[in-house]
Amino acid sequence: MKKREELEKKLLHYTGKAIADFNMIQHGDRILVCLSGGKDSFTMLHMLSALQKRAKINFNLQVFTLDQGQPGWDDTKLRAWLADRHIPYVIHTQDTYTIVKEKIPEGDTYCSLCSRLRRGIIYRYANEHHFNKIALGHHRDDLIRTLLMSIFYNGEIRSMPPKLLSDNKKNIVIRPLAYCQEQDIQAFAEIIAFPIIPCNLCGSQENLMRKKVKHLIDTLAADNPKVPSNILHALTAVKPSQLMDKKLWDFKGLETIQERDETFCNDCVGADILFA
């Protein structure tokens with residue numbers, strides 16, 4: 001019990017801090033909480049529900065779970081868990097599993113297409129049912145792994161922002177677990193015994209890039225435990241002048257500005273004559 005209380009207090013602290021730092025939730029918000037059935041989204045829902053009860057502002061939560069038609073999908077225990085806690089929810093069924101299997105060759109990574117399809121369904125549901133916020137369960141380690149994956153494999157510096165306005169300006173996505181460590185979430189989920197629904201779509205793909213990057217960060221952190229937190233901090237301490245993006249800096253037109261007084265100019269003329 002003591003371990004549970006310690007973990008819950010820690011996770012609540014960092015969830016609340018992320019919400020405050022990035023102004024994620026305001027009075028009157030209708031938040032669609034995306035519950036995939038994994039440890040991260042269950043923990044996020046638990047934290048948001050706890051914060052909702054103690055918050056000085058009023059906001060509504062509704063769970064959205066997407067049944068993508070994966071083999072072995074069984075949401076019986078998930079439904080019972082939500083009903084027991086009187087948490088409003090909807091289970092939306094749409095077969096994206098078949099689409100992904102048809103479009104992606106065997107052995108390739110399914111995650112990208114699967115995520116795009118799932119995101120489109122979530123955005124559409126949120127718009128149609130007038131939710132102004134969409135909560136996703138990505139944690140600190142997701143953010144830092146995504147940054148390195150983007151650098152290594154896509155040649156871009158990008159990650160998952162804690163708060164995001166969608167391209168069509170109709171949806172705001174929040175990630176309340178942005179400061180929370182995966183190891184704490186994992187331990188908390190095991191203590192609570194959430195009714196986890198495993199993802200059977202990509203679980204057999206052992207060579208996923210994300211797993212390689214996770215191993216790299218874990219290896220570096222074994223020598224220097226500050227490595228993960230330093231990577232996260234780097235996302236908040238961007239120095240554009242130290243990069244080489246031509247859209248940020250006009251390198252061709254970059255010149256120094258010198259204030260020349262009359263004496264300096266005369267010296268320059270003399271120097272021009274001397275070295276002519």
Side-chain angles (χ1 to χ4, degrees), residues 13-26 29 31 34 40 44 109 111-113 115-116 118-120 122-123 126 132-185 208-261 264:
H13 167 74
Y14 281 112
T15 301
K17 179 173 173 53
I19 290 173
D21 283 355
F22 299 100
N23 196 29
M24 293 185 189
I25 299 176
Q26 289 85 40
D29 277 349
I31 304 173
C34 296
D40 305 331
M44 173 183 66
T109 301
C111 294
S112 179
L113 177 58
S115 296
R116 288 201 304 273
R118 185 169 62 246
R119 184 165 58 247
I122 293 170
Y123 282 9
N132 66 317
K133 300 280 176 65
I134 299 170
L136 302 181
H138 299 115
H139 47 68
R140 180 202 73 170
D141 298 279
D142 286 325
L143 270 61
I144 64 177
R145 291 168 194 161
T146 299
L147 172 63
L148 294 190
M149 285 175 62
S150 180
I151 293 172
F152 293 158
Y153 299 107
N154 296 326
E156 297 178 336
I157 299 177
R158 60 186 300 175
S159 182
M160 299 174 173
K163 186 177 181 182
L164 171 71
L165 179 63
S166 62
D167 292 339
N168 62 9
K169 313 300 183 186
K170 294 182 178 180
N171 303 103
I172 292 181
V173 175
I174 59 174
R175 295 182 169 95
L177 301 184
Y179 289 157
C180 297
Q181 298 181 38
E182 184 178 28
Q183 63 181 11
D184 293 332
I185 294 171
L208 290 176
M209 295 180 291
R210 188 169 292 272
K211 292 184 178 181
K212 294 181 180 180
V213 171
K214 177 183 182 300
H215 177 71
L216 171 62
I217 295 174
D218 290 346
T219 301
L220 294 172
D223 294 328
N224 182 355
K226 292 185 178 181
V227 165
S229 59
N230 284 343
I231 299 175
L232 184 72
H233 183 264
L235 290 171
T236 70
V238 179
K239 300 187 182 300
S241 65
Q242 307 304 305
L243 301 176
M244 50 191 294
D245 190 336
K246 295 178 182 177
K247 296 188 294 297
L248 298 176
W249 289 95
D250 177 19
F251 290 103
K252 291 184 178 180
L254 200 63
E255 300 290 344
T256 60
I257 299 176
Q258 296 182 350
E259 294 182 3
R260 300 185 178 186
D261 56 26
F264 179 78

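Keep in mind that this is a model prediction, so the values were computed, not measured. Heads up: numbering here begins at 1 and tracks the sequence.
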*List in chain and number order the residues that pass salt bridge (Lys or Arg N to Asp or Glu O under 4.0 Å) with Lys133, two or more places apart in sequence or in another chain; answer none if no residue qualifies.*
Asp29
*Say you draw a straight line from CG of Asn132 to CG of Asn171; how long is it, rounded to the nearest 0.5 Å?*
10.0 Å
_Nearest heavy atoms of Arg210 and Asp142, plus distance in Å_ = NH1-O, 3.7 Å
*Using the test side-chain contact (heavy atoms from CB on, under 4.5 Å), find all partners of Pro228 that sit at least two apart in sequence or belong to another chain.*
Arg140, Ile144, Ile217, Ala221
_If the condition is salt bridge (Lys or Arg N to Asp or Glu O under 4.0 Å), which residues does Arg145 pass it with, not counting sequence neighbours?_
Glu182
*Tyr14 and Cys180: which non-hydrogen atoms are nearest, and at how many Å?*
CB-SG, 3.9 Å
_side-chain hydrogen bond (donor to acceptor under 3.5 Å, both in side chains) partners for Asp167, two or more places apart_ = none
*Among residues two or more places apart or on two chains, list those pairs meeting salt bridge (Lys or Arg N to Asp or Glu O under 4.0 Å) that have a residue in residues 234-249.*
Asp245-Lys247
*Could you tell me whether the side chain of Pro162 reaches within less than 4.5 Å of the side chain of His138, counting heavy atoms only?*
no
*List in chain and number order the residues that pass side-chain hydrogen bond (donor to acceptor under 3.5 Å, both in side chains) with Gln242, two or more places apart in sequence or in another chain; answer none if no residue qualifies.*
none
*Under the salt bridge (Lys or Arg N to Asp or Glu O under 4.0 Å) rule, collect the residues that match up with Arg158, sequence neighbours excluded.*
Glu156
*What is the minimum heavy-atom distance between Ile157 and Ser150, and which atoms define it?*
N-OG, 4.3 Å
*Provide the closest heavy-atom pair for Gly137 versus Leu177 in the form atom of the first, atom of the second, distance.*
O-CD1, 3.8 Å
*Separation between CD1 of Ile172 and CD of Gln26, rounded to the nearest 0.5 Å*: 7.5 Å
*Does CD1 in Ile151 sit with more than 12 non-hydrogen atoms of other residues, nucleotides or ligands closer than 6.0 Å?*
yes
*Residue from Leu143, Thr15, Ile19, Asp21 passing side chain to side chain contact (heavy atoms under 4.5 Å, CB included) with Tyr179*: Asp21
*Go through the structure and list residues passing side-chain hydrogen bond (donor to acceptor under 3.5 Å, both in side chains) with Asn154, not counting sequence neighbours.*
none
*With rounding to the nearest 0.5 Å, note down the distance linking CG in Asp40 to CG in Leu136.*
11.0 Å
_Among residues at least two apart in sequence or on other chains, which ones pass side-chain contact (heavy atoms from CB on, under 4.5 Å) with Tyr153?_
Met149, Met209, Lys212, Val213
*asked:* If I take atom CD1 from residue Ile231 and atom CG from residue Leu220, how far apart are they, to the nearest 0.5 angstrom?
replied: 7.0 Å
_Non-neighbouring partners of Lys170 that pass salt bridge (Lys or Arg N to Asp or Glu O under 4.0 Å), sequence neighbours left out_ = none
*Provide the full list of side chain to side chain donor-acceptor pair (under 3.5 Å) pairs with a residue in residues 214-225, sequence neighbours left out, each pair given once.*
Lys214-Asp218
*Identify the heavy atoms of Cys34 and Met44 that sit nearest to each other, and give their distance.*
O-CE, 3.7 Å
_Looking at every non-hydrogen atom in both residues, tell me the closest pair between Ser166 and Asn168 and how far apart they are._
OG-OD1, 2.6 Å
_Partners passing side-chain hydrogen bond (donor to acceptor under 3.5 Å, both in side chains) against Tyr123 (at least two apart in sequence or in another chain)_ = none
*Is the backbone N or O of His139 less than 3.5 Å from a side-chain atom of Arg175, with the two atoms forming a donor-acceptor pair by type?*
no
